[in-house]
Protein chains: 2
Amino acid sequence: MPLPTSLHLHWAICAAEKKKHLLLEKPTALNVEELDKIVDACEKNGVQFMDASMWYHHPRTCKMMEMILDSKLFGHVKAIHSSSSYSPGQEFLENDIRVKPDLDALGALGDAGWYCIGAILWAMNQTLPTTVTALPGVARNSAGVILTCSASLYWEKEETVATFYCSFVSHETMDLRVYGSNGTCYLYDFIIPFDENSASFNFTSGAKFVDLHIGWNVKPQVVEVASQLPQEALMIQEFASLVKAIKVSRSKPESKWPRTSRLTQLVLDAVNKSIDTGLQPVHM
Amino acid sequence: MPLPTSLHLHWAICAAEKKKHLLLEKPTALNVEELDKIVDACEKNGVQFMDASMWYHHPRTCKMMEMILDSKLFGHVKAIHSSSSYSPGQEFLENDIRVKPDLDALGALGDAGWYCIGAILWAMNQTLPTTVTALPGVARNSAGVILTCSASLYWEKEETVATFYCSFVSHETMDLRVYGSNGTCYLYDFIIPFDENSASFNFTSGAKFVDLHIGWNVKPQVVEVASQLPQEALMIQEFASLVKAIKVSRSKPESKWPRTSRLTQLVLDAVNKSIDTGLQPVHM
């Protein structure tokens, strides 16, 4: 369902009630209360819910997680930074549906920030942060819709920090940088790979600068991951296979996907709340 | 002068009063009031002041600035992220001079954060931010010295935001990522190059993802910059040439270097103040 966000609540519930499985554009809803109604409708009607964040489905994403989870190589996640930005120009900033308060009211936070928040939660194995704080520098268009914002996330128990930056007024970026205690994993095209059939990321482990500061003992390793199909096709394949399992084998819908969407939406709501309350921290 | 920070005030002033030119380890002082006394002593005695941030002197730094200042290639600086971290182990965290409250009391903020703040100010052409806010997730050792912290900087007039992360408990990182309106400039070894005699950075300009999301129209370009001498030697060369100009041509000491140190120290003090006041924003 590729409709503007403000139309999701009505049409997604209609679709679920018609027993249609639901692949929903992100951001999933204007807030988590709306999303919960959509997900409830899907559950009641036994249909699969998934949001259309395609990058989760690229095999590169899986390979990165495998390396991050290798505690010898990577250690614990200590910090994360993500960005998602592009600069579509003045006409977009005034007139695109993504900056209209009655259509995609969440602006750059909903469109670009959704990916950053999702990537940060992905790196944290879908653990909610303790505190979410929006940072100074929120920019809006004349209708009040967010064009740029950034935020800080903090996990008290894990002692992990994250920041992200999302914008409609910066050059194209899609950064994810995960800092571990023993390693670092990073890439600059996590949402849409530079090249579709062979995507890569960088990984460094056990690096130190050598004596006399004349270099590093270990250089970043480029890990290439081939993909036979575009990530969008892999997403549809995964969705179709879950639907098939429900239809043919009478399986229950996979709960991982609505849960992932819900956590992302919860953090997005917290950023929004922090912005609305003058950058006060929001405790989750 | 490579002494611990808390000894700088006394010995740096002594050196200046003996008409010795002063190349001072960073962080320059425990706070800007101390640094001002040191710089005043240097001015009164007509000696050159420079802090030992060696990366300013690598030719790569100059090449990056040239490309960032090219408004067609890069546009305006919209956001910056920097990190400086390393993980020297438990023995260091308890016993090194860099975590002793009576020696290098500024801990990771003074040691690693100095570079991040310096790099952010460098990218902003030494313009002070409007607001500095420390972020949740400050970690300290048993003596109360900072082992990890991060902060957000905001320039109101320029509508630019920056974040940095510095730590003694994360894998080795030295990131600088500058996001422009038309381009992106980034590197992962800005403090100590991976290889000394040929250092590089990445630069992307005018990138868009192409239709159907099957890739990007422009890939990051790797810009290599050769250097005949280590950056430390280049720093000494620059310092020596300024000293020679003072001695031989009776030039005045170059004010750019004490000014750069002072701005870095001012922002560092603001991060510290924000931490001490429960993460309140500090207006500069």
Side-chain angles (χ1 to χ4, degrees), chain A residues 54 74-75 78-79 81 83 85-87 130-131 133 135-137 139 148 150 152 154-156 159-161 163 165 167 169-173 175 177 179-184 186 188-189 191-196 202 204-209 212-216 219-220 230-232 279 281, chain B residues 54 74-75 78-79 81 83 85-87 130-131 133 135-137 139 148 150 152 154-156 159-161 163 165 167 169-173 175 177 179-184 186 188-189 191-196 202 204-209 212-216 219-220 230-232 279 281:
Chain A
M54 63 289 193
F74 190 78
K78 303 299 292 180
H81 180 69
S83 81
S85 61
Y86 58 107
S87 182
T130 319
T131 312
T133 318
L135 304 180
T148 296
S150 42
S152 148
Y154 172 54
W155 290 258
E156 192 171 356
E159 297 187 334
T160 304
V161 295
T163 49
Y165 168 72
S167 182
V169 297
S170 264
H171 181 249
E172 185 100 4
T173 68
D175 295 3
R177 185 145 178 110
Y179 304 78
S181 48
N182 302 339
T184 319
Y186 54 106
Y188 303 99
D189 59 347
I191 304 168
I192 299 172
F194 292 132
D195 281 309
E196 195 163 67
N202 299 284
T204 320
S205 181
K208 309 253 172 226
F209 53 85
L212 298 176
H213 293 199
I214 54 169
W216 292 39
K219 312 278 179 324
Q231 58 186 356
E232 290 81 0
L279 313 181
Chain B
M54 62 290 193
F74 191 77
K78 304 299 293 179
H81 180 69
S83 81
S85 61
Y86 59 106
S87 181
T130 319
T131 312
T133 317
L135 305 179
T148 296
S150 41
S152 148
Y154 173 53
W155 289 258
E156 192 172 356
E159 296 187 335
T160 304
V161 295
T163 49
Y165 168 71
S167 182
V169 298
S170 263
H171 181 249
E172 184 101 4
T173 67
D175 295 3
R177 187 145 175 107
Y179 305 78
S181 47
N182 301 340
T184 319
Y186 54 106
Y188 303 100
D189 58 348
I191 305 169
I192 299 173
F194 292 132
D195 281 309
E196 195 162 67
N202 298 284
T204 321
S205 181
K208 310 251 172 229
F209 54 86
L212 297 176
H213 293 198
I214 55 170
W216 292 39
K219 313 277 181 319
Q231 57 187 359
E232 290 82 359
L279 313 181

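Just the heavy atoms: all of them, side chains too, but no hydrogens, waters or symmetry mates, feed the values below.
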How far does CG of B:Leu212 sit from CD of A:Glu196, to the nearest 0.5 angstrom?
9.0 Å
Side chain, backbone, both or neither: which part of B:Phe74 has an atom under 4.5 Å from a heavy atom of chain A?
neither
Between chain A and each of B:Pro220, B:Gly75, B:Ala139, count heavy-atom pairs under 4.5 Å; write down the option with the most.
B:Pro220
Atom group of A:Asp189 that falls short of 4.5 Å from chain B, counting heavy atoms
both
Of the listed residues (B:Ile191, B:Thr131, B:Val169), which shares the most heavy-atom pairs with chain A below a 4.5 Å separation?
B:Val169
List in chain and number order the residues that pass side chain to side chain contact (heavy atoms under 4.5 Å, CB included) with A:Ala207, two or more places apart in sequence or in another chain; answer none if no residue qualifies.
A:Thr204, A:Trp216, A:Asn217, A:Val218, B:His171, B:Glu172
Considering all heavy atoms of both residues, which atom of A:Thr133 and which atom of B:Pro136 are nearest to each other, and what is their separation?
OG1-CG, 4.1 Å
Do you know which of B:Arg177, B:Glu159, B:Glu232, B:Met54 has the most heavy-atom pairs under 4.5 Å to chain A?
B:Arg177
Portion of A:Ser181 that has a non-hydrogen atom of chain B nearer than 4.5 angstrom:
both
Would you mind checking which part of B:Gln231 comes under 4.5 Å of any heavy atom in chain A, side chain (CB onward), backbone (N, CA, C, O), both or neither?
neither
Which atoms of B:Thr163 approach chain A - backbone, side chain, both or neither, heavy atom under 4.5 Å:
side chain
Part of B:Ser150 lying under 4.5 Å from any heavy atom of chain A:
side chain
Can you list the residues that meet the side chain to side chain contact (heavy atoms under 4.5 Å, CB included) rule with B:Ser170, with sequence neighbours excluded?
A:Lys78, A:Tyr179, B:Ser85, B:Tyr165, B:Ser167
For A:Val161, is it the side chain, the backbone, both or neither that has a heavy atom under 4.5 Å from a heavy atom of chain B?
side chain
Between B:Pro230 and chain A, which part of the residue has a heavy atom less than 4.5 Å away: side chain, backbone, both or neither?
neither
Please identify, among B:Gly183, B:Ser152, B:Ser87, the residue contributing the most non-hydrogen atom pairs under 4.5 Å to chain A.
B:Gly183
Against chain A, work out which of B:Thr130, B:Asp175, B:Asn202 has the most heavy-atom pairs shorter than 4.5 Å and name it.
B:Asp175
What orientation do A:Tyr86 and B:Phe209 show, parallel under 30°, tilted 30 to 60°, or perpendicular over 60°?
perpendicular
